[in-house]
Amino acid sequence: MGNLARKLQQEQQQKQVQAPKIVRKNRLGFSPGEKILGAVFCVALCFGAVQIISNQASIYEINKDIQVISTSIESQQKVNADLAMQVEELSTYERIWAKAKELGLKLNENNVKVVQGQ
């Protein structure tokens with residue numbers, strides 16, 4: 001019986017040693033699918049960032065052009081206002097009469113027609 005007892009003891013020891021083995025998967029890396037998804041996400045993120053930056057740059061350029069055009073419009077309006085004032089000054093009756101006298105023109109009352117403005 002001694003031999004049989006040893007066999008039982010050895011079997012029990014083997015069962016005890018083999019049974020508690022729990023296999024743990026060490027998961028330090030990513031699966032190929034996760035790597036592909038990560039790469040696609042990074043590419044999409046970079047593309048979106050470049051798109052946003054280029055849109056902002058074009059908006060900046062357009063705003064700059066708008067400011068330049070607005071400035072030129074304002075300066076042209078000032079020039080137009082000055083010219084309109086000169087036209088008013090040069091078209092006074094006294095000035096026209098003086099210029100006509102310089103050129104030797106005389107006023108003939110018979111040739112004057114009265115036009116009524118609205």
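Source: prediction; values computed, not measured. Values below: all heavy atoms of this structure, side chains included; hydrogens, waters and symmetry mates excluded.
Contacts of E61 classified as salt bridge (Lys or Arg N to Asp or Glu O under 4.0 Å), with partners at least two apart in sequence or in another chain: K64. In this view, Q76 and V79, N80 satisfy the side chain to side chain contact (heavy atoms under 4.5 Å, CB included) rule, not counting sequence neighbours. Partners of I66 according to the side chain to side chain contact (heavy atoms under 4.5 Å, CB included) rule, which considers only residues two or more places apart in sequence or in another chain, are I62, N63, S70.
Sequence neighbours left out, not one pair with a member in residues 38-48 passes salt bridge (Lys or Arg N to Asp or Glu O under 4.0 Å). The salt bridge (Lys or Arg N to Asp or Glu O under 4.0 Å) pairs that include a residue from residues 38-56 number zero, where partners must be two or more places apart or lie in different chains. Each side chain to side chain donor-acceptor pair (under 3.5 Å) pair with one or both residues in residues 83-107, not counting sequence neighbours, would appear here, but there are none.
Atoms NZ and CG, from K78 and D82 in turn, are 9.5 Å apart once rounded to the nearest 0.5 Å.
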Extract all donor-acceptor atom pairs below 3.5 Å that involve side chains of residues 48-58 and protein atoms in other chains or at least two apart in sequence.
from: S54; atom 1: OG; to: V50; atom 2: O; distance (Å): 3.3
from: S54; atom 1: OG; to: Q51; atom 2: O; distance (Å): 2.9
from: N55; atom 1: ND2; to: Q51; atom 2: O; distance (Å): 3.4
from: S58; atom 1: OG; to: S54; atom 2: O; distance (Å): 3.4
from: S58; atom 1: OG; to: N55; atom 2: O; distance (Å): 2.8

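Taking a 4.5 Å side-chain heavy-atom cut-off between Ile, Leu, Val, Met, Phe, Trp and Tyr, the cluster of I36 extends to V40. In the hydrophobic clustering, L90 connects to no other residue, as no ILVMFWY side-chain heavy atoms lie under 4.5 Å from its own. Grouping Ile, Leu, Val, Met, Phe, Trp and Tyr by side-chain contacts under 4.5 Å, direct or through others, puts I73 with I69.
Residues S72 and S75 approach most closely at O-OG, 2.8 Å, considering heavy atoms.
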